[in-house]
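Just so you know, ligand 1 is whichever comes first in the structure, and atom 1 is the first atom listed for that ligand.
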Amino acid sequence: MSQPLTVENLSVAYGARRILDAVSLAPCLPGSSIALIGPNAAGKSTLMRAIAGLLPTQSGSVRLGESDLARLSAEARAGLVRFVPQTYATSARLSVFEVLLVARMCGTGGRPARDDLAAVGQALARCSLEPLADRCVAELSGGQQQLVALAQALTRPAPVLLLDEPTSALDIRNQLEAFAIMRRVAAEDGSIVIAAVHDLNLAARHADRVLLLGNGRLIADGAPDDLLVSDDCARVYGVGLASGRTSRGSLALEAYLP
Ligand SMILES: Nc1ncnc2c1ncn2[C@@H]1O[C@H](COP(=O)(O)OP(=O)(O)OP(=O)(O)O)[C@@H](O)[C@H]1O
């Protein structure tokens, strides 16, 4: 898991409407935790879906090391790039354990072996979901389901983990837990973790790099402490941004209407 992810000149359209316009990203390095920010409809989900190979592209490339992901089979690509969508929809009468096992076994065609069960156990433990293992996933709360979605992605480590607003339904404790998990996945597994986030303070605290998307274009790419206080950031959101430091030394931002 030690290959950089590179996005070059990526353009994506829905019908005749261009959504992503020649987006290029400097190499995303293994072990990095990256926040993708930008206003509603900026194209964050579209970018993640395009990187995951779930959308046709008009132009450009997505590479992991030397491999052009578009040239791989969907199965091979899914082994390299895991995408956790914004919403978790299931009506299946499956337990948390079962959906994690399905995620682990997906595409393998085999029966679960001991290491598959161990991987599911580890994903449950990483997300502190053991107490919910036997509960029907369709009956869980929105926040609990969001943690299950994260745990599903962890059942089979991948070089690239893409998470679309992974903490939108979580309480403050679980937000911190989820970002700690993401940072550990980056640090321990060497994955490239990219999470779309709306909360700039969470991005400030948990990412080591921030990508700012506006109207389908990459507006800025940099360290949180520089990018989040930049004029570009305030301009793209159409807000004023006041900044300071918390008593613990983290960057703190307050947005206001100009
Ligand atoms: N399936 C689709 N068909 C047509 N247009 C779409 C589709 N999905 C998204 N779009 C459009 O693409 C643009 C970007 O949407 P996208 O979901 O990528 O934005 P986002 O930055 O993730 O937004 P948000 O923060 O609100 O989730 C929007 O104008 C949206 O209407």
Asker: Does the side chain of Asp164 come under 3.5 Å of the side chain of Ser45 through a donor N or O and an acceptor N or O?
Answerer: yes
Asker: Looking at residues at least two apart in the chain, or sitting in another chain, which of them share a side chain to side chain donor-acceptor pair (under 3.5 Å) with Asp221?
Answerer: Arg209
Asker: For the CD atom of Glu98 and the CG atom of Asp134, what is their distance to the nearest 0.5 Å?
Answerer: 8.5 Å
Asker: Which atoms form the tightest heavy-atom contact between Tyr256 and Leu241, and what is the distance?
Answerer: CE2-N, 3.7 Å
Asker: Which residues pass the side chain to side chain donor-acceptor pair (under 3.5 Å) test with Asp21, sequence neighbours left out?
Answerer: Arg18, Arg217
Asker: Enumerate the protein residues lying less than 4.0 Å from ligand 1, judged by heavy-atom distances, in chain and residue-number order.
Answerer: Tyr14, Arg17, Ile19, Pro39, Asn40, Ala41, Ala42, Gly43, Lys44, Ser45, Thr46, Gln86, Glu165, His198
Asker: Mind checking what makes side chain to side chain donor-acceptor pair (under 3.5 Å) contact with Arg173, not counting sequence neighbours?
Answerer: Glu177
